[in-house]
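Contents: one structure, followed by commentary.
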Amino acid sequence: MGIILLIYNLFFFIFSITLLPYLYLKRRNKKDGILWLKERFGFIPEEKLKSIYGRPVWIHAVSVGEVMAALPLIKIIKEEYPDRSLVLSTITDTGNLIARERAKEVDAIIYLPFDISLSVKSALRRIGPEIFILIETEIWPNLLRTLNREGIPSIIINGRISQRSFKGYKLVKPFMKAILKNIYRFGMQTTSDAERIRAIGADPFKVEVIGNIKFDQSFSQDSVDSERLKRSYGIGERRFFVAGSTHEGEEEIISDAFIEIKKDFPDLILLIAPRHIERVRRIEGLLKVRGISFRRRTELIENGLDDASVIILDTIGELAQIYSIATVVFIGGSLVPAGGHNVLEPAVYSKPIIFGLHMENFKDIAQTFLEKGAACQVSNGTQFKRELGYLLSNMDVARSIGENARKVIDENKGAVGRSLMMIEKFLK
């Protein structure tokens with residue numbers, strides 16, 4: 001344990017110091033560039049500290065998906081404990097942006113400090129949380145050790161251990177066991193996740209299966225103005241196929257299938273929402289090569305859709321609502337080995353869903369959807385084209401699949417309430 005931790009700390013220290021000039025140069029011209037750097041080294045700005053009162057509840061959500069999952073938990077904590085201040089930390093810029101837009105109940109939003117002892121201690125000293133909640137399973141050795149030494153309970157909510165991570169963790173089980181003993185409770189998504197966290201060293205008596213809080217995400221259909229969205233995107237009553245969170249290698253498959261299917265459905269409009277927005281130009285290039293007319297989302301405001309048949313989503317935070325006006329939805333990151341993405345956002349709107357074989361990050365959820373007839377799985381581009389064409393041709397079948405998807409969500413709600421019960425044990 002001691003040698004591994006020493007190597008870990010040495011690596012992280014060298015990595016941080018070596019990377020510091022690069023990070024500074026990369027972010028110095030960004031609006032919050034210097035602020036980001038300070039927070040990553042544990043120096044929380046005074047204006048943020050002023051908004052924190054008492055001993056806050058600190059919730060950490062690494063990126064967009066975890067932030068979105070945390071929203072109903074944040075809301076219920078604030079409702080039950082209105083006198084508590086809440087701190088929300090992220091690691092990614094996109095996660096931070098979504099947190100600022102959506103997590104209105106939070107009193108301070110910060111970047112998680114680098115896992116360097118001095119940085120962690122600096123942030124904890126300034127914030128002084130009563131409890132630290134990790135959304136899903138991020139193992140930061142120095143952070144967890146410091147929390148435990150300071151008597152601050154840390155708990156995992158919505159915990160999951162993928163098969164790939166499990167294999168890696170098993171190789172360093174003694175190290176993992178020493179780190180995991182610093183965590184007070186493990187609220188895992190499934191029985192499989194609970195078994196894996198125990199197998200790599202978690203105290204069995206600290207582990208509970210509480211379900212997946214993503215099923216409790218407060219996607220309110222009433223809050224979405226579908227007609228306004230349709231006008232905004234210029235699609236009217238046309239068929240609208242949404243490919244969400246796509247990765248490199250998927251847009252080619254999608255666009256080639258779209259060309260063929262559009263011959264049978266000339267009114268069909270495709271929206272491509274790349275997982276990484278910096279890939280927009282790359283997608284434009286492959287559409288141009290194929291002779292497909294397109295518009296960026298940001299161009300629709302001035303120019304409208306006109307004769308374009310493809311929309312490229314070049315904004316952040318809109319995709320969840322766009323699903324509400326989709327005819328059929330494809331879940332990106334699943335036709336290529338990227339682990340897949342969240343099927344729940346379109347499911348809440350009763351949309352028929354297609355995904356590929358690579359749903360490792362949502363394996364149990366994906367399996368549940370398939371067992372309940374709530375999604376369609378394809379293995380390659382040929383099957384993808386065939387399935388999309390079938391759903392567009394058989395809307396009764398598509399509606400039935402969409403209704404089943406919504407039922408899956410309704411039948412699996414409640415993890416947020418169970419999470420709150422776990423949290424309440426540590427709030428004085």
Side-chain angles (χ1 to χ4, degrees), residues 30-114 119-136 138 140 143-144 146-147 150-158 184 187 213 216-218 220 223 316-317 416-417 419-428:
K30 289 191 175 184
K31 184 178 179 181
D32 65 342
I34 303 303
L35 174 63
W36 176 89
L37 202 57
K38 287 182 177 179
E39 290 185 3
R40 293 311 307 266
F41 279 97
F43 298 100
I44 312 303
E46 191 62 33
E47 59 268 24
K48 292 188 179 184
L49 294 176
K50 287 179 180 178
S51 64
I52 301 171
Y53 48 91
R55 297 194 65 191
V57 173
W58 183 344
I59 300 170
H60 175 61
V62 60
S63 191
V64 175
E66 292 78 14
V67 170
M68 293 298 293
L71 293 179
L73 181 62
I74 290 169
K75 184 176 181 180
I76 197 170
I77 290 174
K78 200 66 172 179
E79 288 175 352
E80 295 295 322
Y81 298 91
D83 59 332
R84 300 277 177 175
S85 59
L86 300 180
V87 175
L88 177 61
S89 62
T90 71
I91 288 179
T92 69
D93 290 333
T94 51
N96 195 273
L97 175 63
I98 293 301
R100 284 183 273 124
E101 290 179 351
R102 302 289 183 89
K104 301 302 182 183
E105 298 87 353
V106 170
D107 299 283
I109 297 170
I110 65 171
Y111 286 99
L112 186 75
F114 288 125
S119 301
V120 168
K121 289 176 182 178
S122 175
L124 288 176
R125 185 172 63 251
R126 287 170 166 80
I127 295 174
E130 183 168 7
I131 185 173
F132 188 92
I133 301 168
L134 296 102
I135 303 298
E136 298 200 3
E138 279 196 82
W140 297 108
L143 172 61
L144 293 171
T146 305
L147 284 165
E150 295 294 328
I152 301 168
S154 60
I155 69 173
I156 287 177
I157 294 295
N158 221 47
Y184 283 51
I213 63 174
D216 290 313
Q217 289 185 46
S218 54
S220 173
S223 67
I316 295 173
V416 166
S419 299
L420 182 64
M421 291 176 64
M422 181 180 288
I423 294 166
E424 286 179 324
K425 297 174 184 176
F426 302 100
L427 293 179
K428 299 173 184 177

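In what follows, residues are counted from 1 in the order of the sequence shown. We use all heavy atoms of the structure for the numbers below, so side chains are in, but hydrogens, waters and symmetry mates are not.
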Practice problem: With sequence neighbours excluded, tell me which residues meet salt bridge (Lys or Arg N to Asp or Glu O under 4.0 Å) with Glu130. | Solution: Arg84

Quiz item: Do Val62 and Leu134 have side chains that get closer than 4.5 Å, going by heavy atoms?
Solution: no

Quiz item: Measuring from Ile152:CD1 to Leu143:CG, what's the distance to the nearest 0.5 Å?
Solution: 9.5 Å

Quiz item: Heavy-atom distance under 4.5 Å between the side chains of Leu73 and Ile135, does that happen here?
Solution: yes

Quiz item: Under the salt bridge (Lys or Arg N to Asp or Glu O under 4.0 Å) test, which residues partner Lys425, sequence neighbours left out?
Solution: Glu208

Practice problem: Identify, with sequence neighbours excluded, every residue that meets side chain to side chain contact (heavy atoms under 4.5 Å, CB included) alongside Leu49. | Solution: Ile44, Glu46, Ile52, Arg126, Ile127

Exercise. List for me each residue that meets salt bridge (Lys or Arg N to Asp or Glu O under 4.0 Å) alongside Glu39, sequence neighbours excluded, and say none if there are none.
Key: Lys48

Practice problem: Look up atom CZ in Arg40 and atom OH in Tyr111, then write down how far apart they are to the nearest 0.5 Å. | Solution: 9.0 Å

Quiz item: Would you say Pro129 and Leu124 make side-chain contact, with heavy atoms under 4.5 Å?
Solution: yes

Quiz prompt | Contacts of type side chain to side chain contact (heavy atoms under 4.5 Å, CB included), residue Ala99, not counting sequence neighbours | solution = Val67, Leu88, Thr90, Ile109

Quiz item: For Glu424, what residues pass the side-chain hydrogen bond (donor to acceptor under 3.5 Å, both in side chains) criterion, not counting sequence neighbours?
Solution: Tyr81

Self-check item: Flag, side chain of Asn158 to backbone of Glu136, donor-acceptor distance under 3.5 Å
Solution: no

Self-check item: Val64: partners by side chain to side chain contact (heavy atoms under 4.5 Å, CB included), with sequence neighbours left out
Solution: Met68, Thr94, Ile98

Self-check item: Where Ile213 and Ala69 come nearest, the two heavy atoms and their spacing
Solution: CD1-O, 3.4 Å

Exercise. Flag the pair Pro153 / Phe132 as yes when at least one side-chain heavy-atom distance between them is below 4.5 Å, and no otherwise.
Key: no

Quiz item: Looking at Asp216 and Lys75, does any basic side-chain N land under 4.0 Å from a carboxylate oxygen?
Solution: no

Quiz item: Is there a side-chain contact between Asp93 and Trp36, using heavy atoms and a 4.5 Å cut-off?
Solution: yes

Practice problem: Mind listing the closest non-hydrogen atom pair of Lys104 and Arg100 along with its distance? | Solution: NZ-O, 3.4 Å

Quiz item: If you take all heavy atoms of Trp140 and Glu138, which pair is closest and at what distance?
Solution: NE1-OE1, 2.9 Å

Quiz item: How would you list, by chain and number, every residue that makes a side-chain hydrogen bond (donor to acceptor under 3.5 Å, both in side chains) with Ser89, sequence neighbours excluded?
Solution: Trp58, His60

Quiz prompt | For Gly42 against Ser122, the heavy-atom pair lying closest together | solution = O-OG, 2.8 Å

Quiz item: Can you tell me if Asp83 and Tyr53 form a side-chain donor-acceptor pair at under 3.5 Å?
Solution: no

Quiz item: For Ser63, which residues count as a side-chain hydrogen bond (donor to acceptor under 3.5 Å, both in side chains) partner, sequence neighbours excluded?
Solution: Thr92

Quiz item: Hey, what do you get for CD (Glu66) to CD1 (Ile59), rounding to the nearest 0.5 Å?
Solution: 13.5 Å

Practice problem: Answer whether the closest heavy-atom distance between the side chains of Phe426 and Ile155 falls below 4.5 Å. | Solution: yes

Quiz item: Roughly how far apart are Ile156 CD1 and Met422 CE, rounded to 0.5 Å?
Solution: 10.0 Å

Quiz prompt | Qualifying residue for side chain to side chain contact (heavy atoms under 4.5 Å, CB included) with Lys78, from Asp107, Val57, Val106 | solution = Asp107

